[in-house]
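Structure record follows, encoded as structure tokens.
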Amino acid sequence: MQTKDILLELRTKKGLSQDELAEKVFVTRQAVSRWENGETTPNTETLKLLSKLFDVSINTLLGSPQQLICQCCGMVLEDGNISKETDGNFNEEYCKWCYCDGDFTLDFWKQYAELGGKEKFQEFKQQIINEFNTLLNIEGLPKVEDLNVLSGSFINLEYRLPNGEYVKFLDDKATYLGNQLECEFGGDRCFGIAANMDFLLVCTYEENGENPELVIYKKR
């Protein structure tokens, strides 16, 4: 659906006239009419007001032109699972389980919020990316461009050691910076990377994490 059709449908479902909708988002009735005729689209600030009023994301108002992904856990975001700020506005970067009422719920984010906020966290994340790209020199591992915050329970694979024992290196209850990358040589295996303040980990595995093999576990 196009934005004009979405706005008309949402207004109708809420039982609002064009005048009533205009009053709630501080525009004229003529502006609402032009939106619904497809002549114009709301500006960014008005989209925020409409999003809050109709309890849908701006992405939905615009006809869902992109697939939204939680920047913490990688979950596909839809209106029912997108996080909200304390003022009720959608935060379309995170799911409601990773971010709630203006704060991150995962321990990894909270640690770095205490150390200097989101900006400092982004600096640390870039530092980890640089270490993966410059220190490990693993054949077939592509350049790391980004890292997500992932739950340990999601990426804590069990590796077979040379002595035949199986071991996990992560904590199911902790969170880590990580990503999945396709091998530069192709094939049916891909790389999984993970890190925190103490270590860098690289492994390979098949689809759905099957037959994992540890490549390197390096203390930072």
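In what follows, every heavy atom counts, from backbone to side chain, and hydrogens, waters and symmetry copies are set aside.
- In this structure the side chain of Gln18 reaches within 4.5 angstrom of the side chain of Arg11, judged on heavy atoms.
- Cation-pi geometry between Lys219 and Phe199 is not satisfied (NZ or CZ under 6.0 Å from the ring centre, within 45° of the ring normal).
- Proximity of Leu61 to Leu10: side-chain heavy atoms (C-beta onward) are separated by under 4.5 Å at one or more points.
- Looking at heavy atoms from C-beta onward, Leu50 lies in side-chain contact with Leu21 at the 4.5 angstrom threshold.
- The side-chain heavy atoms of Leu150 and Gln180, taken from C-beta on, include no pair separated by under 4.5 Å.
- In this structure, the side chains of Phe132 and Leu200 come closer than 4.5 Å at one or more pairs of heavy atoms.
- Arg34 places no side-chain N or O within donor-acceptor distance of the main-chain N or O of Glu39, the cut-off being under 3.5 Å.
- Atoms NZ and CG, on Lys125 and Asp146 in that order, are 4.5 Å from each other to the nearest 0.5 Å.
- Using a 4.5 Å heavy-atom threshold, the side chains of Leu201 and Leu214 count as touching.
- Contact check for Asn59 versus Gln66: side-chain heavy atoms found under the 4.5 Å cut-off.
- Few gaps surround CD on Glu20; more than 12 heavy atoms of other groups in view lie less than 6.0 Å from it.
- Taking 4.0 Å as the cut-off between side-chain N and carboxylate O, Lys14 and Asp55 do not count as a salt-bridged pair.
- For the pair Lys218 and Glu131, the salt-bridge criterion is not met [side-chain N within less than 4.0 Å of a carboxylate O].
- With rounding to the nearest 0.5 angstrom, the CG atom of Asp172 is 10.0 Å from the CD1 atom of Ile155.
- For the atom pair Gln122 CD and Leu147 CG, the distance stands at 10.0 Å (nearest 0.5 Å).
- In this structure, Lys4 does not pair ionically with Glu36, as no charged nitrogen and carboxylate oxygen lie closer than 4.0 Å.
- Between Phe169 and Tyr159, the ring planes lie tilted relative to each other; the angle falls in the 30° to 60° range.
- Side-chain atoms of Asn208 do not come within 3.5 Å of backbone N or O of Glu210 as any donor-acceptor pair.
- The side chain to side chain donor-acceptor pair (under 3.5 Å) test with Asn89 is passed by exactly one of Thr86, Asp87, Asn91: Asp87.
- Put simply, the side chain of Phe54 does not reach to within 4.5 Å of the side chain of Thr60, judged on heavy atoms.
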